[in-house]
Amino acid sequence: MITKRWSVDNSVDKKDSYSQCSQAADLLKKNEVVAFPTETVYGLGGNAENDEAVRKIFEAKGRPSDNPLIIHIADKGKLDAFVTEIPQNAQALMDRFWPGPLTLIFNLKEGVLSHYATADLSTVAVRMPDHPVALALLNKTGLPIAAPSANRSGRPSPTTADHVWEDLNGRIAGLVDGGPTGVGVESTVVDCTGDVPVILRPGGITREQLEEAVGEIIVDPALADESQAPKSPGMKYRHYAPDAPLYLVEGTKEDIQYFVEDKKKEGLSVGVLTTSENLEFYRADFIYACGQRDKLETVASSLYEALRYFNTTNADIIFCEMFPGEGVGHAIMNRLMKAAGHRVIRR
């Protein structure tokens with residue numbers, strides 16, 4: 001398959017000027033799959049109403065088909081077509097955070113969306129992205145678009161078009177290049193089908209921000225207990241991992257350097273994932289500064305770039321600092337834990 005690639009200047013405010021989006025939208029309406037930028041990561045979109053289109057998403061990613069997908073819309077009015085109701089808490093969150101990096105789970109209206117998109121569940125995950133290119137594309141299709149991250153399953157999520165090209169060139173019909181994404185980690189997923197909203201996946205909107213909007217928020221126990229099956233799209237299987245084994249180190253930078261030196265004595269090439277504050281401290285074969293520790297949003301925005309960096313090296317093992325678990329740090333540590341396969345070591 002030949003993958004078409006279009007470059008779009010996402011600083012242009014006139015959405016109708018995105019002629020490339022019209023070409024990409026035409027492919028989506030023909031039930032092909034197209035990658036496009038959002039404010040979080042690049043998504044791989046397909047018509048959520050069509051079984052063939054959704055199957056193509058799973059095939060391109062190599063993703064198990066029992067994993068539900070997030071539906072992207074550009075108009076809140078589209079919700080009524082495929083959800084049974086919009087609870088009060090959900091409406092409050094939509095009013096506050098849409099468009100934005102927040103996915104909400106609703107009870108599903110039967111017979112509208114492809115059962116592959118929802119993995120035969122009775123619920124559906126929906127969000128409205130806060131990116132001009134994504135909104136232009138969604139508006140031009142007029143369709144609900146199912147879109148997981150545009151990477152091969154298990155690999156770090158893509159935050160640039162080049163990441164998508166590396167993983168999916170020749171496997172998808174098109175790629176809309178809108179430049180680097182902003183937030184860097186995927187959207188927060190909140191289940192609004194019960195009396196109290198439940199965070200199923202931490203992301204770009206923090207628990208603290210959600211509570212300001214609707215009061216009490218519960219965190220899914222599966223986020224802290226890996227023995228429980230997660231309920232959120234994109235959280236069921238191993239994700240985000242670089243090629244070399246990644247270990248999170250609970251301790252000081254001196255503890256990390258101890259492990260580095262120990263592995264170098266064994267003849268291994270060692271990588272360290274750190275922040276700019278500690279960049280000059282480490283003596284390792286490969287070192288990557290992932291933002292600033294005192295500005296965790298910068299860590300979130302460059303996290304997947306950092307994990308992909310190590311795939312360009314011959315690192316045999318990677319050690320990584322840990323981060324506070326509050327605010328956006330909750331999302332960072334969630335992704336790092338999955339990337340490391342929950343391997344945490346202490347000196």
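Keep in mind the model is a prediction, meaning the values are calculated, not measured.
Counting heavy atoms from C-beta outward, Asp191 and Asp220 have side chains that stay 4.5 Å or more apart.
Using a distance-only test at 3.5 Å, with no hydrogens or angles considered, a donor-acceptor pair links the side chain of Thr181 to the main chain of Thr40. In terms of modelled atom types and a separation under 3.5 Å, the side chain of Arg152 and the main chain of Leu168 share no donor-acceptor contact. Although no hydrogens or angles enter the test, the distance criterion places a donor-acceptor pair under 3.5 Å between the side chain of Thr206 and the main chain of Gln209. No donor-acceptor distance shorter than 3.5 angstrom exists from the side chain of Lys78 to the backbone of Pro144, with no hydrogens or angles considered. Although no hydrogens or angles enter the test, the distance criterion places a donor-acceptor pair under 3.5 Å between the side chain of Asn139 and the main chain of Leu135. A donor-acceptor distance shorter than 3.5 angstrom exists from the side chain of Arg343 to the backbone of Leu246, with no hydrogens or angles considered. Judged purely by atom type and a 3.5 angstrom limit, Thr123 has no side-chain atom pairing as donor or acceptor with the backbone of Ile105. Side chain of Thr3 to main chain of Gly170: a donor-acceptor pair is present (N/O by atom type, distance under 3.5 Å, no hydrogens or angles). A distance-only check finds no donor-acceptor pair linking the side chain of Thr275 to the backbone of Gln292 [under 3.5 Å]. In this structure a side-chain-to-backbone donor-acceptor pair under 3.5 Å is missing from Asp51 to Ser114.
Salt-bridge annotation for Glu211 and Arg207: present, with a side-chain N of the basic residue lying under 4.0 Å from a carboxylate O of the acidic one. Note on Asp285 versus Lys263: no salt bridge recorded, every NZ/NE/NH1/NH2 to OD/OE distance being 4.0 Å or above. Ion pairing of Glu52 with Lys56 is present here, as a side-chain N (NZ or NE/NH1/NH2) and a carboxylate O approach within less than 4.0 Å.
Below 30°, between 30° and 60°, or above 60°: for Tyr309 and Tyr288 the angle between ring planes is between 30° and 60°, a tilted geometry.
The two residues Leu138 and Ala74 have their closest heavy-atom pair at CB-CB, 3.7 Å. Among all heavy-atom pairs drawn from Val183 and Gly204, the shortest one is CG1-CA, 3.9 Å.
Residues Ile318 and Val260 fall into different hydrophobic clusters, defined by Ile, Leu, Val, Met, Phe, Trp and Tyr side chains chained together at heavy-atom separations under 4.5 Å. No single ILVMFWY cluster, assembled from side-chain heavy atoms under 4.5 Å apart, contains both Leu336 and Ile256. By the rule that hydrophobic residues join a cluster once side-chain heavy atoms approach within less than 4.5 Å of another member, Val299 and Val272 end up as members of separate clusters.
Between the side chains of Arg127 and Thr38, at least one donor-acceptor pair of N or O atoms lies under 3.5 Å. Judged by distance alone, the side chains of Ser149 and Glu186 never bring a donor and an acceptor atom under 3.5 Å apart.
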Apply the test salt bridge (Lys or Arg N to Asp or Glu O under 4.0 Å) to residues Asp167 and Arg308: give CA-CA distance (whole Å), side-chain angles for both, the deciding distance (0.1 Å), then the verdict.
-> CA-CA 11 Å; Asp167 281 9; Arg308 283 179 174 266; 2.8 Å; yes

Could you go through the side-chain contact (heavy atoms from CB on, under 4.5 Å) check for Gln257 and Tyr282 one step at a time?
-> CA-CA 6 Å; Gln257 186 59 36; Tyr282 294 107; 3.5 Å; yes

Audit row: Leu121, Leu108, side-chain contact (heavy atoms from CB on, under 4.5 Å) steps and yes/no = CA-CA 8 Å; Leu121 298 176; Leu108 175 66; over 6 Å; no

